[in-house]
Each structure stands twice: as C-alpha cells, then as structure tokens.
Amino acid sequence: MAGDVLEMAIPKEEQEEIKEFISTLLVLPKEDRAVLLSNANAFRVRRDIEKARE
C-alpha cells in the first residue's frame with residue numbers, strides 16, 4: 001500500500017533517479033554533500049517560484 005501511495009506522488013522513473021542521487025551522496029565527503037544539497041534546494045526554490053508565476 002505504501003508503494004502505491006509513493007508511486008502516486010512520485011513517478012517510478014523519478015524514484016530511481018532519487019535513489020541514484022542518494023547513493024552518490026552517501027559516498028561523497030560531507031562538504032561535497034552539503035554543496036550538492038544546497039544547489040538542489042536552490043533549484044527547487046527556483047522551480048517553485050516559476051510555478052507560482054504561471
């Protein structure tokens with residue numbers, strides 16, 4: 001049941017991309033993870049702002 005809800009919220013293809021991203025983060029040094037996560041957060045905020053403008 002939880003898998004069904006997850007697939008409704010996040011498409012299966014995106015779930016795989018997220019898993020790959022997390023796997024990559026786990027092997028990076030802490031400082032590099034922080035930079036990548038900061039950039040990802042900035043991208044998400046920018047995307048949200050663009051959606052709000054539409």
Side-chain angles (χ1 to χ4, degrees):
M1 182 175 172
D4 295 337
V5 174
L6 183 61
E7 285 186 32
M8 288 173 36
I10 302 173
K12 190 108 174 138
E13 184 177 303
E14 286 186 34
Q15 290 179 34
E16 289 302 318
E17 290 176 14
I18 291 168
K19 287 178 186 177
E20 288 178 30
F21 182 70
I22 291 171
S23 295
T24 301
L25 286 177
L26 292 174
V27 297
L28 292 174
K30 184 178 179 180
E31 295 81 11
D32 293 341
R33 284 195 308 258
V35 170
L36 284 175
L37 291 173
S38 175
N39 287 342
N41 189 45
F43 178 75
R44 189 183 86 229
V45 169
R46 184 174 162 195
R47 185 186 64 202
D48 291 346
I49 291 169
E50 289 298 321
K51 282 183 180 180
R53 288 183 180 170
E54 294 176 357

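In this chain, numbering begins with 1 at the start of the sequence shown.
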Would you compute the distance between atom [atom1] of [X] and atom [atom2] of [Y] and round it to the nearest 0.5 angstrom?
| X | Y | atom1 | atom2 | answer |
| --- | --- | --- | --- | --- |
| Lys12 | Glu14 | NZ | CD | 13.0 Å |
| Leu36 | Asn41 | CG | CG | 12.5 Å |
| Arg46 | Asn39 | CZ | CG | 11.5 Å |

Do you know which of Leu28, Thr24, Val27 makes side chain to side chain contact (heavy atoms under 4.5 Å, CB included) with Arg33? Leu28
Charged N to carboxylate O below 4.0 Å: is that the case for Glu50 and Arg53?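 Counted as a salt bridge, because a side-chain N and a carboxylate O are separated by less than 4.0 Å.
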Is a donor on one side and an acceptor on the other found under 3.5 Å between the side chain of Ser23 and the backbone of Lys19? yes
Can you get from Leu26 to Ile18 by hopping between Ile, Leu, Val, Met, Phe, Trp and Tyr side chains that sit under 4.5 Å apart?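 As far as the 4.5 Å side-chain criterion goes, Ile18 and Leu26 are connected within one cluster.
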